[in-house]
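Heads up: the structure comes next, in structure tokens.
Scope of the values below: all heavy atoms of this structure, side chains included, with no hydrogens, waters or symmetry mates. A quick note: this is a predicted structure, and the numbers were derived from the prediction, not measured. Order of the sequence lines sets the chain letters (A, B, ...), proteins ahead of strands, with each chain counted from 1.
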Protein chains: 2
Amino acid sequence: MTPKKITSSERQQPVNIHDVAERAGVAISSISRVLSGHPDVSDRMRAKVEAAAAELGYEPDFTAQSLRSGATKTIGFIVRDISNPFFGVIAQKCEQELRKAGYSMLVMNSDGDTETEAANIKLLRRRKIDGLIASLVAEDAPKLKAALSELKAPVVLIDREVKGLNASAIIGNHHQGVHDAVADLLRLGHRRIAFVSGSTRVFITRDRLQGFEDAFKEAGVEIPSDLISLGTFDAEFGESETLRLFDLKNPPTALLAGGIGTTSGAMRAWQQLGITPGKDIGFVAIDEWPLFDVFGQQFSSVYRDPAVIGRSSAEIILQSLKGEKPQNVFVETTYMPRESSAGGLA
Amino acid sequence: MTPKKITSSERQQPVNIHDVAERAGVAISSISRVLSGHPDVSDRMRAKVEAAAAELGYEPDFTAQSLRSGATKTIGFIVRDISNPFFGVIAQKCEQELRKAGYSMLVMNSDGDTETEAANIKLLRRRKIDGLIASLVAEDAPKLKAALSELKAPVVLIDREVKGLNASAIIGNHHQGVHDAVADLLRLGHRRIAFVSGSTRVFITRDRLQGFEDAFKEAGVEIPSDLISLGTFDAEFGESETLRLFDLKNPPTALLAGGIGTTSGAMRAWQQLGITPGKDIGFVAIDEWPLFDVFGQQFSSVYRDPAVIGRSSAEIILQSLKGEKPQNVFVETTYMPRESSAGGLA
DNA sequence: GTGGTTTCTGGAAACCTTTCCAATTTAATC
DNA sequence: GATTAAATTGGAAAGGTTTCCAGAAACCAC
């Protein structure tokens, strides 16, 4: 008995390129050329192949394409916590853009941990992602830097600056927004202004701190170093630090909260302390949260648009994939003064 | 000149399994066996291979593994809108669980559109995902059903019921929560209770509607059909419908809003109309949003825990991957009465 | 020391493409 | 119609792994 050729109907497997080639009576390479839009294809060949492919319902295997071509059409997306609505909007807009261009997005949470983050990046490298968009937990962790530099794909960092890495970045002018906010608080009469935010291991915090300090210097007011608490961006830290700060002998009269997590924690702390932000104390939130327009109208904010960040991230990574050099894109950050700034100034 | 064998140092490519085999002086298959934890391996072999792999820093190519083994260690995750914080929490918890088990999550937004959703599913099939977790836009769209049934991987549906599909599901007892809410509103004296939510093309809405109607029937009160508006889950629909309903000659005295998007839209509408929910009218929100504990304390809600949904989704899909049969998991949904229920009852 | 298991290892096929190169066909020119 | 160039096509290698199968080695009992 001669070994019979196995056809797709006998495999329960889907149709593959061989089946199409056989059906169309042409070579495998021709199928590939037609379907990948290669220019050197005659009209007759194109018609034959397309007909055969359609009849059989052929769809190329993505994994095999990836292995052979080296491109996975996949972009890694790493953030601290995708449930944070700010990151959620970034992720949404980013995915929409990437999808239009035929790319998919592999989402990972770093859980605020550099070890996890480094492990994630290593995994993504092994998965041969074409590009990475990340909002890192820290910029200087050696493991992280190692993982990033071993990743051969283009990288877009969101509000981060990693030295010695040839990456693109989306950079907000955080110092500006924070500066304007603090300047306004000072103008209103606040002196004991607290600042709770994530760690200075990331650019965004350093840039904000810069704006914070500049505003004080310009006003000729001493910087209240004891009121600056820079740890992590999560709600737990925001809560405990707010509790601590407002329990000081000489407590703050205003707080600048460094993100949605921090704000969330601060709000919870104030509930426990019986403090009403914007009334008993001055308050400026960095970043706005869902339903802010409803529940936060009275709150001053340092605003930036996550949709822009998401779309830009996608655009830059797509450009890098086309061979363009790494670039930095700047995003506006604006102080939106509202009544809460003047809280606590009886 | 004899063709020299190309080694990894001459390629700029990373080390592959051949290099390790050569270094260890064993066959390729042995490398694979050792590294994939195959039992039939001698201690001596294991030691040799592990040493060689470590020396060369070898890491297996994920794409090649996927092609050969047929498993991509990738789970698709499709929701209407990942920026919705409810889905955000689900996604976060789900990814964390999947990651522990060595799986990654490919996130796609369906943008509330069945065509997009069907296209997404088709793409994921071509990408050979091992499983799919999805909160579908509709259950009956033919293209969608076709795309789902052609997908050979296990599926977990979140609050959806697709007939003729052998899928698992996470099912909330929405009728219960909504029933209790509406019963309470009726008890308080509300009669003109409006219900704005997504379409009845999905189970979750039908289940809610059931609870809504049951409560009326039990109370012997006629169901206010003109106040039931079931369209989409997004804020735009919530806003326009709220505007329309509260502009009726005989407007509602209370609203039950079917999710964070709807609530968001309703809130915006009320702002325009000068209506304060919980005061001028009764209000129950389905699902709670970020900072709800701060800004929403006065609002009654129909609560369910997205973290549980996320974790369960991951668990079920992982069990399916181990060969277990599709199963349904039920999630509690609880009415949390607060002051807003009694709004508008002067 | 033989026969028979059992355990381990090597070789090669298979997974499904893309892409290179050579060969063939077609078109163009004189 | 011959020659050359251009367009198109087929064949086969390559991408990096897993897995099947057969063969080798080790072990055991008699």
Check your understanding: What does B/Asp61 touch in the nucleic acid at a heavy-atom separation under 4.0 angstrom: a base, only the sugar-phosphate, or nothing?
Key -> sugar-phosphate

Point to revise | Comparing A/Ile17 and A/Arg44 on DNA chain C - which has the more 5′ nearest nucleotide | key: A/Ile17

Practice item. Establish, with yes or no, whether the OP1 or OP2 oxygen of C/dT17 is under 4.0 angstrom from a side-chain nitrogen or oxygen of A/Tyr58. Key: yes

Review point. What stems, by residue range, does DNA chain C take part in, given at least 3 consecutive Watson-Crick or G-U pairs under 3.5 Å?
Key: C:1-30 with D:1-30

Review point. Do the charged groups of A/Lys128 and B/Asp61 touch, with an N to O distance under 4.0 Å?
Key: yes

Check your understanding: Distance-only, no hydrogens or angles: does the A/Ser312 side chain make a donor-acceptor pair with backbone N or O of A/Val308 under 3.5 Å?
Key -> yes

Check your understanding: Counting any heavy atom closer than 4.0 Å, what does A/Ser29 reach on the DNA or RNA strands: base, sugar-phosphate only, or nothing?
Key -> base

Review point. How many Å lie between CG on B/Asp40 and C1' on C/dT7, as a whole number?
Key: 7 Å

Point to revise | Whole angstrom value for the distance that separates C1' of C/dT9 from CG of B/Leu35 | key: 16 Å

Exercise for review: Classify the nucleic acid contact of B/Ser42 as base, sugar-phosphate or nothing, counting any heavy atom under 4.0 Å across all strands shown.
Suggested key: sugar-phosphate

Check your understanding: Any salt bridge between B/Arg99 and A/Asp111, counting N to O under 4.0 Å?
Key -> yes

**Study point:** Closest nucleotide among C/dG10, C/dT17, D/dT9 to the A/Met45 side chain
**Key:** D/dT9

Revision key, fill the gap. Ranking B/Leu67 and A/Arg68 by the position along DNA chain C of their nearest nucleotide, the one closer to 5' is B/Leu67

Check your understanding: Taking the six-membered ring of A/Phe62 as reference, does the NZ or CZ atom of B/Arg127 fall below 6.0 Å from its centre and within a 45° cone about the axis?
Key -> yes

Exercise for review: Using a cut-off of 6.0 Å, state whether more than 12 heavy atoms not belonging to B/Lys122 lie near its atom NZ.
Suggested key: no

**Study point:** Residues A/Arg201 and A/Glu139 bridged, charged N to O under 4.0 Å
**Key:** no

Review point. What do you reckon, is NZ of B/Lys143 surrounded by more than 12 foreign heavy atoms closer than 6.0 Å?
Key: no

Review point. When we call it a touch if two heavy atoms are under 4.0 Å apart, what does A/Ser30 touch: a base, just sugar-phosphate, or nothing?
Key: sugar-phosphate

**Study point:** Integer-rounded Å distance: D/dG16 C1' and A/Arg127 CZ
**Key:** 16 Å

Exercise for review: Write down the distance between CZ (B/Arg33) and P (C/dG10), rounded to a whole number of angstrom.
Suggested key: 8 Å

Practice item. Looking at every strand, decide which applies to A/Ile28 at a 4.0 Å heavy-atom threshold: base, sugar-phosphate, or nothing. Key: base

Check your understanding: What does B/Phe62 touch in the nucleic acid at a heavy-atom separation under 4.0 angstrom: a base, only the sugar-phosphate, or nothing?
Key -> nothing

